[in-house]
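All ligand and atom numbering here is 1-based and tracks the order in the structure.
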Amino acid sequence: MSLQTRVDHSHAAEVSHRDVADGASSGRREVARPASCVVGVGSALPERVVTNHQLAEMVDTSDEWIVSRTGIRERRIAADGEFTSHLAERAARQALDHAGLVPTDIDLIVLATATPDNTFPSTAVAVQERLGIKAGAAFDIAAVCSGFVYALTTANALIAAGTAKRALVIGAETFSRILDWSDRTTCVLFGDGAGAVVLEANGAGGNGAMPRGLIASALRSDGAHRDKLFVDGGPSSTQTVGHLRMRGQEVFRFAISATVDVVEDVLAKAGITAEEIDWFVPHQANKRIIDASARKLGIDESKVVLTVERHGNTSAASIPLALAQASADGRIKAGDLVLLEAMGGGFTWGAALVRW
Ligand code: UT7
């Protein structure tokens with residue numbers, strides 16, 4: 001399939017709503033066209049389901065504790081030989097099918113992961129090679145659970161700059177490989193999976209009242225918190241892969257205030273109120289964090305997409321997995337306003353507002 005009409009970069013660089021001159025004079029509210037829009041979404045989960053009851057046979061925990069503290073009932077765990085890149089490739093192929101595109105239509109892959117197949121090269125180039133893509137660039141982003149929001153914002157910026165026309169934006173993880181399976185405070189929380197979207201440069205057609213695409217986003221980080229959620233190994237420090245370590249309560253407290261703050265920033269940039277949001281798709285770490293954030297933002301619980309019960313925390317994969325689910329089951333429809341937010345190791349956090 002050939003690429004659509006040329007991008008009008010004078011509009012493409014703008015990512016926030018505004019009244020354009022002709023719209024204002026005609027009395028209609030028109031908004032700047034975002035640089036890129038989502039045209040396909042896909043996901044992939046390993047086959048193996050591990051329930052809380054199964055974990056209770058391995059560590060001193062219970063289904064009751066895990067459900068009441070986190071909302072998680074089960075998670076998927078990758079099979080031996082099933083790598084982050086394999087899950088990413090499956091999610092990418094599904095997103096391409098959904099968009100009615102083929103791999104050679106893609107000229108950028110931005111893949112968010114904290115569990116790459118190898119230290120280098122990037123997992124993104126493994127996906128690029130398996131999809132048979134030779135054009136453009138492919139690279140990984142390391143922002144842990146905020147990775148998908150970082151990747152989406154980065155791909156959109158590269159499209160706005162004219163560097164790429166169509167991107168696969170992927171969040172893919174095999175956290176089961178970095179968990180300490182004897183540590184009940186962390187091993188019950190995470191799962192494996194991948195999700196992907198196809199992001200395409202918006203055509204040069206006229207503006208409307210509701211142009212599709214990434215309307216606004218914001219990214220944050222603060223390395224002063226990097227010892228609160230981290231992996232205790234790495235090629236340069238220990239020459240080992242290491243295991244995930246977390247000071248859960250401190251992460252929990254920070255997560256709510258940070259995400260509310262960055263979401264409010266994005267809504268203000270877009271000139272949109274929380275009540276106008278159709279779907280809230282937060283990072284799926286803990287149902288209590290999601291409930292508290294939605295309450296503080298004034299978003300009704302009926303608009304919150306929840307997958308944490310079945311997926312656990314899949315880090316960078318959690319938002320695109322949730323997007324794929326809510327798109328497949330008919331909740332998220334073209335034209336809906338979808339709010340994404342995430343927070344994770346670093347700390348990193350961010351939010352994005354997308355007209356689907
Ligand atoms: O994705 C990146 C962001 N990550 C997060 O957002 C995670 C944020 N943190 C959390 O979600 C929560 O802090 C946890 C779910 C990790 C923990 O919940 P909590 O309500 O903060 O529990 P806690 O750490 O205060 O622990 C309470 C008790 C402790 O026992 P004592 O000291 O009160 O006797 C823990 O040892 O629960 C115990 N505990 C467990 N008990 C049964 C900790 N883990 C478990 C477990 N099963 N798996």
Side-chain angles (χ1 to χ4, degrees), residues 50-75 112-115 141-150 171-176 178-193 195 219-223 225-231 243-263 281-294 296 304 306-309 311-322 340-351:
V50 174
T51 64
N52 292 345
H53 296 289
Q54 287 171 288
L55 289 182
E57 289 166 15
M58 294 165 50
V59 287
D60 182 15
T61 190
S62 65
D63 178 60
E64 193 280 327
W65 189 95
I66 302 171
V67 173
S68 63
R69 300 289 177 130
T70 70
I72 300 167
R73 290 183 189 277
E74 61 185 42
R75 71 285 297 140
T113 190
T115 46
I141 281 192
V144 207
C145 298
S146 313
F148 185 76
V149 176
Y150 270 63
E173 303 280 16
T174 46
F175 259 53
S176 61
I178 55 165
L179 294 176
D180 174 350
W181 286 100
S182 65
D183 175 10
R184 69 174 183 173
T185 68
T186 53
C187 76
V188 302
L189 303 174
F190 296 89
D192 301 337
L219 305 178
R220 307 262 188 276
S221 61
D222 183 353
H225 301 282
R226 67 190 187 282
D227 62 346
K228 291 175 186 155
L229 175 50
F230 67 104
V231 169
H243 291 111
L244 182 148
R245 307 292 174 203
M246 178 165 69
R247 293 179 5 211
Q249 275 193 9
E250 290 173 61
V251 180
F252 188 101
R253 275 197 297 274
F254 191 90
I256 298 170
S257 61
T259 53
V260 167
D261 186 54
V262 78
V263 163
V281 186
H283 170 51
Q284 310 279 322
N286 185 320
K287 187 172 182 302
R288 285 156 59 213
I289 295 177
I290 295 171
D291 289 346
S293 305
K296 283 195 172 204
V304 180
L306 274 176
T307 54
V308 67
E309 183 180 359
H311 298 169
N313 180 349
T314 57
S315 185
S318 87
I319 289 177
L321 271 165
L340 318 177
E341 71 69 12
M343 178 268 164
F347 290 150
T348 57
W349 63 108

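For V144, the heavy-atom gap to ligand 1 stays at 4.0 angstrom or more. L55 does not count as a contact of ligand 1, since none of its heavy atoms falls under 4.0 Å from the ligand.
The two atoms that bring L179 and T186 nearest to each other are CD2-O, 4.2 Å, heavy atoms only. Here the shortest heavy-atom pairing between V144 and A316 reads O-CB, 3.6 Å. Nearest heavy-atom pair across E173 and A114 is OE1-N, 2.9 Å.
Remark: ligand 1 and T70 share no N or O pair separated by less than 3.5 Å (distance only, no angle test). The N/O atoms of Q249, backbone and side chain alike, include one that comes under 3.5 Å of an N/O atom in ligand 1. On a distance-only criterion, G248 and ligand 1 share at least one N/O pair closer than 3.5 Å.
Side-chain contact between L244 and D180 is absent, with no heavy atoms from C-beta onward closer than 4.5 Å. No side-chain heavy atom of I72 sits less than 4.5 Å from a side-chain heavy atom of V188. Residues R288 and F252 form a side-chain contact, since some pair of their non-hydrogen atoms from C-beta on lies under 4.5 Å apart. The closest side-chain heavy-atom distance from R245 to D183 is below 4.5 Å. Looking at R226 and K228, their side chains never come closer than 4.5 Å, going by heavy atoms from C-beta outward.
Nearest residue to atom 5 (C) of ligand 1 from I256, T185, T314, V251 is V251 (criterion: closest heavy atom). Selection from F252, F254, W65 by nearest heavy atom to atom 28 (C) of ligand 1 gives W65.
Scanning the protein for heavy atoms near atom 11 (O) of ligand 1, the closest one is N286 ND2, 2.6 Å. In this structure, atom 1 (O) of ligand 1 lies nearest to the protein heavy atom N313 ND2, 2.6 Å. Nearest to atom 48 (N) of ligand 1 among the protein's heavy atoms is R184 O, 2.8 Å. The protein non-hydrogen atom at the shortest distance from atom 47 (N) of ligand 1 is T61 OG1, 2.7 Å. Looking at atom 6 (O) of ligand 1, its nearest protein heavy atom turns out to be I289 CD1, 3.2 Å. In terms of protein heavy-atom proximity, atom 20 (O) of ligand 1 is closest to R69 NH1, 2.8 Å. Among all protein heavy atoms, the one lying closest to atom 2 (C) of ligand 1 is C145 SG, 3.4 Å. Remark: minimum distance from atom 16 (C) of ligand 1 to any protein heavy atom is reached at L189 CD1, 3.8 Å.
Remark: ligand 1 atoms within the under-4.0 Å shell around heavy atoms of A285 are 1 (O), 5 (C), 6 (O). Proximity to L229 (heavy-atom distance under 4.0 Å) selects the following atoms of ligand 1: 2 (C). Of all atoms in ligand 1, numbered sequentially from 1 with element shown, those under 4.0 Å from a heavy atom of V188 are 48 (N). Atoms of ligand 1 lying under 4.0 Å from at least one heavy atom of M343, given by number and element, are 2 (C), 3 (C).
Here T186 has no heavy atoms under 4.0 Å from ligand 1, in either its backbone or its side chain.
By the 30° and 60° cut-offs, the orientation of the rings of W349 relative to F254 is perpendicular.
The environment of R247 atom CZ is dense: over 12 non-hydrogen atoms of other residues, nucleotides or ligands sit within 6.0 angstrom.
A donor-acceptor pair shorter than 3.5 Å can be found between the side chains of D192 and S176. Between the side chains of S146 and T348, a donor-acceptor pair is found at a separation under 3.5 Å.
Using a distance-only test at 3.5 Å, with no hydrogens or angles considered, a donor-acceptor pair links the side chain of Q284 to the main chain of V308.
Less than 4.0 angstrom separates atom 14 (C) of ligand 1 from none of the non-hydrogen atoms of the protein. Remark: atom 34 (O) of ligand 1 lies closer than 4.0 Å to no protein heavy atom.
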